[in-house]
Amino acid sequence: MLDTYETIAARNAQNDESAVDPDKAFSEEKRGWNGYIEWERYPDKKAQAAAILARFKFPPPPEFQLGPIPDTNPVLDGLRWKLWHKAVGGPLTNVPEESWKMVLEEKHPEMLHLLQFPYNGEPPKRLVTAEPITPNPLHFVRNHGGIPNIDPEAFTLEFDGLVKHPKTLNLAELQNEELFPRQSSLVTIQCSGTRRIEQIAEYAGEGDEMINAPWAEGAIGTARWTGVSLKKVLKHCGGLIDGAKHLEFYGADTYFKHEQVQNYLVSVPFSKVKANEVLLAWEMNGKPLPKIHGYPLRVVVFGYIGARSVKWLYRIKAIKHPSRAPVQAKEYLYFPMQVGKQNQSYSQGINIQEMPVSSAIMSPFNKDVVVHHGTINIKGWAYSGGGRWPERVEVSGDGGYLWYPVPNEQLSKKHKHAWRTWEIELPVDAEGWLELVVRCWDNSLNTQPTYVRSAWNWGLHVTSSCHRIKVYSVNTSKERTRRRMLEFKNAGEDFEPLTRPTHLPVQSMEEYEEFWASQDPRDVED
Ligand SMILES: Nc1nc2c(c(=O)[nH]1)N[C@H]1C(S)=C(S)[C@@H](COP(=O)(O)O)O[C@H]1N2
Ligand SMILES: [Mo]
């Protein structure tokens, strides 16, 4: 039994007594497709990989939910996932290192790396809503496996299953405007794990570091995606055969679940395709799709959770029932609150599809000291899935008793499938600790649950409750505060950290005596 990174790497280098030679058994499926192993067509290959994995003892997942979440970047390293790739070996051997290189090449240097491998990362808080369209290097990334490196010249997309005329198309054919009109749409992709950190902070849930990555408010991004509507391409394939109701999408990455291997598979209903809300995209904000976002071709499903927008797409199969692959059938499930490790079954979960209305405060930050003159500037995003859009955003400075609407001109433009960023000057009279809250009403007048606890669930999905942060208000429109802050300034002393006692005199004895001279005594005698 081997259980360390080095020993697994060494075993594969020597290719010792292993019954299967991973370099031969799992050789690359197609030329020009690096890091891709086809599993779905070869059950025997899956069995071989499972047998290899069974020979090793892998470390348990880190228990980051029971202790403090590491204050490091990457937050979690994904050792188990790296080892699984090393153990299966062959074309997967160097995928962890290659994928990390792509992160460093394609993503913004300030990304918060929640998990190094499979790579999961979100933009730093101050940059999430800096622009209503997320720049590509700042768009969050969620991967279930490594990043395949696919040569666009070698790329093909296969249509099979219950399609009338199964076909294989290359990129040039898909991009041929005589065959398919081009479609460009502004779409927000949101992971159903967005804001999971708030659920974790209340109660620990299922603790897998990949499946339950501790996302903050940044697992959401907006881009203009360009490609062709899947509806048109299916028509080109003669449409579907009677009984076909779902389209299964295949991603070229390898996903490990319970020490079994598979490609990344999910499905969407045909009705969604018919509405022209499923795009096969090769461009993101006018640029070729970055490798980390699915190059050369990905799916973008409008208004559904990000999980359905398959990257590194290589096959689309028409089927009768929703996909039974694990990501579709066993993950992205929304359980009732009393369901957990003790009594869980997949069928108790709602299959998460459209995200409910949600919003978040991106500035100020939780626990910030805010020095202001009677109004606090607050910024954030609001989003609703399923083709609904934010109609009204409201902010409260008192924990959710009184709400102030964001003025319409302070909300970014309305789109059917995109978020709106917003900004408000919130009137704040009070000083000291305040709870700032945001909620959104969408065009169907849906709004958000009040507290995290109201909608907590074992999978820690869909944290859509009103987003709450605590800030310490210092209101310089109050005379005493204005003067005191001036004293700090004149003394050259930082006001923060808030909790550090100051040597500046709190009150002169003259002032103190003056007070008692004009007031009742401390203790009354009659
Ligand atoms: N092939 C493949 N497609 C995938 C995934 C994946 O791991 N593999 N992750 C999905 C999930 S859960 C999300 S939230 C989105 C994230 O898209 P992005 O990384 O481009 O932001 O991709 C989806 N598509
Ligand atoms: Mo996701």
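These numbers come from a predicted model, not from an experiment. No hydrogens, no waters, no symmetry mates; every other heavy atom, side chains included, goes into these values. Positions are given from 1, in the same order as the sequence printed here. Counting convention: from 1, in listed order, for ligands and their atoms alike.
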Quiz prompt | Shortest protein heavy-atom distance from atom 7 (O) of ligand 1, along with the residue and atom involved | solution = His144 N, 2.6 Å
Exercise. Could you tell me whether some N/O pair between Ser309 and ligand 1 is separated by less than 3.5 angstrom?
Key: yes
Quiz prompt | For His139, the ligand 1 atoms whose distance to one of its heavy atoms is below 4.0 Å | solution = 21 (O)
Quiz item: Would you say Tyr332 has any N or O atom under 3.5 Å from an N or O of ligand 1, going by distance alone?
Solution: no
Quiz item: Quick one: which ligand 1 atoms are inside 4.0 Å of a heavy atom on Gly251?
Solution: 1 (N)
Quiz prompt | Pairing of Glu331 and Lys257 as salt bridge, 4.0 angstrom limit | solution = yes
Quiz item: Are side-chain N/O atoms of Trp381 and Thr421 paired as donor and acceptor at under 3.5 Å?
Solution: no
Practice problem: Answer yes or no on whether Lys272 is positioned over the face of Tyr304, meaning its NZ or CZ is under 6.0 Å from the six-membered ring centre and within 45° of the axis. | Solution: yes
Practice problem: For atom 8 (N) of ligand 1, find the nearest protein heavy atom and state the residue, atom name and distance (0.1 Å precision). | Solution: Asp253 OD2, 2.6 Å
Quiz item: Considering only protein heavy atoms, which is closest to atom 9 (N) of ligand 1, and at what distance to one decimal place?
Solution: Arg142 O, 3.2 Å
Quiz item: Which is it for Arg298 and ligand 1 at heavy atoms under 4.0 Å: side chain, backbone, both or neither?
Solution: side chain
Quiz item: Can you tell me if Lys311 and Asn143 form a side-chain donor-acceptor pair at under 3.5 Å?
Solution: yes
Self-check item: Gap between atom CZ of Phe117 and atom CH2 of Trp84 - 0.5 Å precision
Solution: 10.5 Å
Quiz prompt | Which of the ligand 1 atoms, numbered from 1, are nearer than 4.0 Å to a heavy atom of Val310 | solution = 1 (N), 3 (N), 24 (N)
Quiz item: Would one find an N or O of Asn143, backbone or side chain, under 3.5 Å from an N or O of ligand 1?
Solution: no
Quiz item: Can Lys86 and Glu97 be counted as an ion pair, charged N to O under 4.0 angstrom?
Solution: yes
Quiz item: Is the shortest side-chain N to carboxylate O distance from Glu277 to Lys416 below 4.0 Å?
Solution: yes
Quiz item: Where the closest heavy atom to atom 22 (O) of ligand 1 is concerned, which of Gly306, Gly146, Gly294 has it?
Solution: Gly306
Practice problem: State, without any angle test, whether Asn285 and Arg224 hold a side-chain donor-acceptor pair at a distance under 3.5 Å. | Solution: no
Quiz item: For ligand 1, does Gln190 get within less than 4.0 Å through its side chain, its backbone, both, or neither, judged by non-hydrogen atoms?
Solution: neither
Quiz item: Just going by heavy-atom distances, which of Tyr250, Phe140, Tyr264 is nearest to atom 2 (C) of ligand 1?
Solution: Tyr264
Practice problem: Do me a favour and list the nearest non-hydrogen protein atom to atom 11 (C) of ligand 1 with residue, atom name and distance? | Solution: Ala307 CA, 3.5 Å
Self-check item: Protein contact of atom 3 (N) of ligand 1 - nearest heavy atom, named by residue and atom, plus distance
Solution: Lys311 N, 2.9 Å
Exercise. Can you sort out which atoms of ligand 1 are near Cys191, meaning under 4.0 Å from one of its heavy atoms?
Key: 14 (S)
Quiz item: For Glu248 and Tyr250, does a side-chain donor sit closer than 3.5 Å to a side-chain acceptor?
Solution: yes
Quiz item: By number and element, which atoms of ligand 1 are closer than 4.0 Å to a non-hydrogen atom of Trp312?
Solution: 1 (N), 2 (C), 8 (N)
Quiz item: Do His461 and Tyr332 have a side chain donor and acceptor closer than 3.5 Å?
Solution: no
Quiz item: With the threshold set at 4.0 Å, does a side-chain nitrogen-carboxylate oxygen contact exist between Lys291 and Asp151?
Solution: no
